[in-house]
Amino acid sequence: MSLQDELTTLRDEALTQINDAADVKALNQVRVHWLGKKGPLTEVLRGMKNLTPEERPVVGALANEVRDVLTAAIAERQTRLEAIALDAQLAAEAIDVTLPGRTVQQGQPHVLQQIIENLEDQFIGMGYQVIEGPEVEEDQYNFERMNLPKDHPARDMQDTFYITPEILMRTQTSPVQARTMEAHDFSKGPLKMVSPGRVYRRDTDDATHSHQFHQMEGLVIDKHITMGDLKGTLLAVAHNLFGEAHDIRLRPSYFPFTEPSVEVDISWHAVTPDMNPEDIEWIEVLGAGMVHPNVLRKSGIDPDVYGGFAFGLGPDRFAMLKYGVEDIRNFYLNDVRFLTQFDQKG
Ligand code: FA5
């Protein structure tokens with residue numbers, strides 16, 4: 001076969017392989033094979049030394065032409081293969097914007113925590129400080145300083161979990177009153193504080209009682225504080241949390257640390273002027289009163305100069321009332337189906 005024929009055969013074969021190359025990598029192998037230093041084209045050119053001087057320029061020109069044709073064909077195939085690869089990548093990575101999103105389950109504060117934070121916000125707005133006290137408490141603060149000596153019959157009202165004879169799980173948030181009073185500097189102004197937290201009692205659990213529940217203590221000490229201030233404060237809190245249509249009722253009661261003492265109820269439903277008072281249903285939500293002089297004295301405060309009111313409210317009962325929950329135990333079972341009903345995000 002003449003060199004011209006060899007060159008044409010080589011060109012056709014190479015072109016077929018170029019067009020058949022499935023990807024850029026395969027094409028590169030084809031290029032190295034046909035145009036490389038040890039490739040068939042170089043081989044042909046090497047054979048030119050055996051040609052006559054007349055044949056040489058003809059074959060040389062043809063060889064150059066074949067090289068140019070193959071180089072151009074490779075470049076063109078390369079562009080095409082790159083475009084195909086890009087299309088494939090775009091198709092593989094395509095995002096279907098019409099797919100519905102995946103819902104991420106988000107946590108949220110427990111419903112009781114929501115009520116407590118809501119109450120805290122209200123009291124902060126009225127100039128109160130939020131102060132926390134220990135849950136493992138000394139008998140001294142939980143009872144003695146609250147005017148409840150060891151033999152006081154009212155200790156039975158709050159059946160207690162004792163750790164040692166002098167250390168107990170606090171039965172109320174009232175010990176924080178004593179802790180705050182003894183630390184307060186009255187030259188800096190009146191004392192106004194609320195103290196939320198968990199309390200513990202050896203109560204038998206039922207629909208309205210839990211052996212571990214929450215309280216929020218409130219204490220205001222200043223000169224010239226009256227029972228009217230107490231009632232106005234509690235009414236503002238009730239209206240804020242439950243709406244203007246709910247009413248409160250103060251019933252005379254007894255606590256060793258307040259005198260006079262009251263228990264405060266909130267109406268289950270809105271109260272209208274035409275309603276028969278006997279038809280109103282009430283739920284007890286807190287105890288309150290004017291701070292007993294003995295309590296002030298025990299904390300180093302002169303009851304002839306200073307006085308004030310205190311209250312201990314039950315956020316659990318507030319939550320029951322606000323959301324119509326009929327069994328307090330629901331708050332402590334941590335059933336997600338129950339808890340997600342109080343999603344703040346709606
Ligand atoms: C007290 O604990 C007093 N320390 C409250 C107080 C503070 C009075 C300051 C005067 C001045 P009592 O035991 O009534 O009082 O509890 C207060 C509130 O806690 C109740 O009105 C009720 O809302 C809530 N509570 C009481 N016992 C339970 C219980 N077992 N489960 C859930 N809530 C309760």
Side-chain angles (χ1 to χ4, degrees), residues 112 115-116 119 133 135 137 141-148 152 154-161 168-181 191-221 225 227 229-231 233-234 237-238 241-242 248-266 268 282-296 299 307-322 325-332:
L112 293 177
I115 292 276
I116 289 170
L119 287 165
E135 287 175 29
E137 185 53 285
Y141 284 101
N142 195 80
F143 289 129
E144 304 263 344
R145 292 281 291 274
M146 299 317 292
N147 204 24
L148 273 146
H152 199 293
R155 281 199 180 206
D156 296 347
M157 286 160 69
Q158 301 179 4
D159 216 350
T160 311
F161 290 113
L168 44 77
M169 299 306 291
R170 67 176 178 189
T171 57
Q172 49 184 357
T173 44
S174 298
V176 189
Q177 283 191 36
R179 289 183 174 276
T180 315
M181 278 191 263
L191 166 54
K192 292 172 88 176
M193 73 91 184
V194 284
S195 184
R198 276 183 286 265
V199 300
Y200 304 81
R201 286 185 198 176
R202 288 173 48 184
D203 274 352
T204 309
D205 290 0
D206 64 23
T208 51
H209 292 84
S210 173
H211 63 281
Q212 182 248 281
F213 57 101
H214 294 80
Q215 281 191 344
M216 182 183 272
E217 198 75 9
L219 178 68
V220 173
I221 306 281
I225 299 287
M227 195 95 178
D229 296 318
L230 171 64
K231 185 169 182 189
T233 305
L234 296 177
V237 170
L241 206 60
F242 302 107
I248 65 169
R249 172 173 86 167
L250 271 56
R251 281 181 292 110
S253 184
Y254 170 76
F255 295 104
F257 28 88
T258 44
E259 181 58 37
S261 302
V262 288
E263 272 178 319
V264 180
D265 304 333
I266 296 189
W268 263 109
W282 302 94
I283 177 170
E284 182 213 316
V285 289
L286 63 93
M290 303 309 287
V291 179
H292 196 291
N294 282 352
V295 173
L296 293 170
S299 292
F309 65 74
F311 57 84
L313 60 82
D316 307 48
R317 298 266 174 92
F318 272 53
M320 291 173 81
L321 188 58
K322 187 168 172 74
V325 175
E326 279 167 10
D327 195 321
I328 195 171
R329 288 168 289 199
N330 282 317
F331 295 127
Y332 296 101

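Treat the numbers as computed from the prediction; the structure is a model and nothing was measured. We count ligands from 1, going down the list as the structure has it; atoms in each ligand are counted the same way.
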Quick one: which ligand 1 atoms are inside 4.0 Å of a heavy atom on [X]?
| X | value |
| --- | --- |
| Ala310 | 9 (C), 11 (C) |
| Gly314 | 23 (O) |
| Leu286 | 21 (O) |

[atom] - nearest protein heavy atom and its distance:
| atom | result |
| --- | --- |
| atom 9 (C) of ligand 1 | Glu217 OE2, 3.4 Å |
| atom 13 (O) of ligand 1 | Arg201 NH1, 2.8 Å |
| atom 15 (O) of ligand 1 | Phe255 CE2, 3.3 Å |
| atom 24 (C) of ligand 1 | Phe213 CE1, 3.9 Å |
| atom 23 (O) of ligand 1 | Val285 O, 2.9 Å |
| atom 19 (O) of ligand 1 | Gln215 NE2, 3.4 Å |

Just let me know how [X] lines up against ligand 1, side chain, backbone, both or neither, with a heavy-atom cut-off below 4.0 Å.
| X | result |
| --- | --- |
| Gln177 | side chain |
| Arg317 | side chain |
| Phe257 | side chain |
| Thr258 | side chain |
| Asp203 | side chain |
| Ile328 | side chain |

Any [X] side-chain heavy atom under 4.5 Å of [Y] side chain:
| X | Y | answer |
| --- | --- | --- |
| Phe143 | Thr160 | yes |
| Glu259 | Met290 | no |
| His211 | Arg201 | no |
| Arg145 | Val295 | no |
| Met146 | Pro256 | no |
| Arg170 | Val176 | yes |

Tell me whether [X] reaches ligand 1 (any heavy atom closer than 4.0 angstrom to a ligand atom).
| X | answer |
| --- | --- |
| Thr208 | yes |
| His214 | no |
| Ser210 | yes |

Backbone or side-chain N or O of [X] under 3.5 Å from ligand 1 N or O:
| X | value |
| --- | --- |
| Glu284 | yes |
| Ala288 | no |
| Ser174 | yes |
| Gln172 | yes |

### Query
Given Phe309, which of Val262, Leu219, Asp229 fulfils the side-chain contact (heavy atoms from CB on, under 4.5 Å) condition?
Asp229
### Query
With Val264, which of Val237, Leu313, Leu234 fulfils side-chain contact (heavy atoms from CB on, under 4.5 Å)?
Leu234
### Task
Please determine if Arg179 forms a cation-pi arrangement with Tyr141, meaning its NZ or CZ atom is less than 6.0 Å from the six-membered ring centre and no more than 45° off the ring axis.
yes
### Arg329 and Ser210: CA distance, side-chain angles, deciding distance, side chain to side chain donor-acceptor pair (under 3.5 Å) verdict
CA-CA 7 Å; Arg329 288 168 289 199; Ser210 173; over 6 Å; no
### Query
Is it true that Phe318 and Phe242 have ring centroids separated by less than 6.0 Å?
yes
### Message
Is there a side chain to side chain donor-acceptor pair (under 3.5 Å) between Glu217 and Ser195? Walk through the geometry before answering.
### Response
CA-CA 5 Å; Glu217 198 75 9; Ser195 184; over 6 Å; no
### Query
Looking at Thr171 and Asp159, what are the two nearest heavy atoms and their distance?
CG2-O, 4.5 Å
